[in-house]
Each structure stands twice: as structure tokens, then as C-alpha cells.
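Since we're looking at a predicted model, the values are computed, not measured. Ligands are counted one by one from 1 in listed order, and the atoms in each one are counted from 1 as well.
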Amino acid sequence: MIRIQVPATSANLGSGFDALGIALTLYNQVWMEEADRLEISCKDSVKIPTDESNLIYWAVKQLYQECGKKLPGLRLIQENNIPLARGLGSSSACIVAGILGANRLLGSPLSQSDLINLAAKIEGHPDNTSPAIEGGLVASAMEAGRVYSVSVPVSDKLRFGVFIPPFELKTEKARSVLPESYSRADAVYNLSRSALITASLFSGKLENLRVAVQDCIHQPYRSGLIEGCDSVFRLSYELGSLGTYISGAGPTIIAMLPADNMDGFINHAETHLKEKGITGWQVHILGVDSEGARVSLD
Ligand code: HSE
């Protein structure tokens, strides 16, 4: 069987709506091989579709179709560590696992840039799929169905404090609350900050992050969908966050932290959340995955 490991991703980074994403050190794993029929199982207790509606299987089929091949059947095993519908790129991880795995099963007919284009086409936007494939901090734009992207490393002075709530928020719902149009002032506000966050993360100019994560395109509209959002933002800054933002479409909230001053962060965060009556949230510290998805023989 082949094994595909795909990182979680955090899109937007606040101001880079639909444009920026970063790969994190939390991984889903998928094993697959061609078979006579469809056989899907899971190594954990996460409820996944085991029929043709399974997203990884669907992505495998898309790639076979793209290459003009027929998929006989598939044996698929999933290990899910990226929580579902939390703004950490779980659906992109499935799509990327499916197309990278399928490409390897067919002898790698598609190039990395073909795979980046196909993943974004299936997902609808590239800000999770591109970093899942490339790793690092990825800026991307789509033009005529093609993704133009670049992955850059992120300063090793940073870690990511990830606050995962006990509830889901579907991207469609989180997009449905956004306005149809924005003023020029709003556009300039976000453009300047998304440029600033990219350059600051790359260079390590961490004092810029608090301003650079701010935006007026999506977070002000989405925060009301996330119970406890304002309290978690406040708490993260009390605990030394350099910049806090809603990860992707939410509901996870990410605090960027100085790598050299994180002692006790998880304990302090959990204690304070409890004191504020915010229950069921998990807190993790993650780093940046710089390699992106990997395919190997198992
Ligand atoms: N950029 C997307 C959004 C990420 O914020 O809606 C969610 O997949």
C-alpha cells in the first residue's frame, strides 16, 4: 500500500482572506491501493463515509478521470487527526490525500503544479490546498483556473497556539454571513495587512503581527458564530499572543506565540478557559510544517 501524510492548514491568517495559508504540524494519514471493489476503513473512532460519498475516494476518482483512467476499486484506510469542520483544512487534507495518492498509483503522470491546480479546482479556493501540498506559508491567487502560488519558510521564532472549540462550523455557513461587497477603505485595510503579515512571518518581524492579523473582510462577521470568540481572543493576548486570528472560516482560533516563551501556555490557557466557563475547548501548540504532503511506500 502507499501511505500519504497530509498536514493541517490554517487559511487567511486574519487579513489574507482566500489568499494565504500555512501548513501546521498536525497530520492525517491515508493508506491506499487499487482493489476489485471499494473498501474503506478507519484507524480511529471518527465517523467517516465508507461509501462512494467518501471525499478521499471522490478525489481519487477525479484524478483518474483527469488522466483518462478507470478506477477498478480502492482499498482505503484513514487515520484522522485533523478535527472536522474546525477551520484546520480537514476537507483539503482529504482532497490532497486523494489526488496525491491516485497520482502515485498511476505512476505520477501529473506534476506538482497540475496537482495544486486540481486540488484548488475541487476545493474551490487554493488557500488550504496549496499549503497542504507545498508546506510552509503559501500565498496564492487563481487566474483562469490556474493557481499561481509561492511557499516561503516561516521564522522559527514562532509557534501556533491552537484553540479548538467543541463545535463545528461549516465553511458554507461561515461564508454566508459575509457581505457581497466592501468599500475601498476596507480593501486597502486588508491588502496592506496581508502584505505585512506575509513579509513579517517570513522575516521574523514579530512585533508587526498584532496589526497584521486584523481585517475587516471576514472576522468581524464570523466572530458572532463562534461562542466564546471574544473571550478566547482576550485570553490569548493576556497570555502573550503576538497576533490572534480566526483560523480559516473558524471556529478554531489561533494565537501566534514567541517560541522562546511558551512555558506553561497550555496549562494556563486551560485553567483560564475553565475560570471563564468556556468548556470543551482543546489547546495545542503546533509548529509550521515546511514540507507539505508526503507519499511513501508502506
Ligand atoms: N478562505 C476560506 C474562508 C477558508 O475563509 O472562507 C475556508 O476554507
Does the distance from a Lys or Arg side-chain N to an Asp or Glu carboxylate O, for Glu52 and Lys61, drop under 4.0 Å?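 A salt bridge is present here (some side-chain N lies under 4.0 Å from a carboxylate O).
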
Check ligand 1 for N or O atoms under 3.5 Å from a protein N or O and list each pair with its distance.
{"from": "ligand 1", "atom 1": "1 (N)", "to": "Asn12", "atom 2": "OD1", "distance (Å)": "3.0"}
{"from": "ligand 1", "atom 1": "1 (N)", "to": "Asp18", "atom 2": "OD1", "distance (Å)": "2.5"}
{"from": "ligand 1", "atom 1": "1 (N)", "to": "Asp127", "atom 2": "OD2", "distance (Å)": "2.5"}
{"from": "ligand 1", "atom 1": "5 (O)", "to": "Asn12", "atom 2": "ND2", "distance (Å)": "2.8"}
{"from": "ligand 1", "atom 1": "5 (O)", "to": "Arg222", "atom 2": "NH1", "distance (Å)": "2.8"}
{"from": "ligand 1", "atom 1": "5 (O)", "to": "Arg222", "atom 2": "NH2", "distance (Å)": "3.4"}
{"from": "ligand 1", "atom 1": "6 (O)", "to": "Arg175", "atom 2": "NH1", "distance (Å)": "2.5"}
{"from": "ligand 1", "atom 1": "6 (O)", "to": "Arg222", "atom 2": "NH2", "distance (Å)": "2.8"}
{"from": "ligand 1", "atom 1": "8 (O)", "to": "Asn128", "atom 2": "OD1", "distance (Å)": "3.3"}

Taking the six-membered ring of Tyr237, is NZ or CZ of Arg234 closer than 6.0 Å to its centre and within 45° of its axis? no

Could you tell me if Lys274 sits above the aromatic ring of Trp281, with its cationic atom closer than 6.0 Å to the ring centre and no more than 45 degrees from the axis? no

Sort out for me which residue in Phe17, Tyr182, Tyr245 forms a ring-ring contact (aromatic ring centres under 6.0 Å, His included) with His218.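 With His218 as partner, Phe17, Tyr182, Tyr245 yield a single ring-ring contact (aromatic ring centres under 6.0 Å, His included), made by Phe17.
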
Do Ile56 and Leu76 touch side chain to side chain, with heavy atoms closer than 4.5 Å? yes

Hey, does the side chain of Asp18 reach the backbone of His125 with a donor-acceptor pair shorter than 3.5 angstrom?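 No; judged by distance alone, with no hydrogens or angles, the pair does not exist.
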
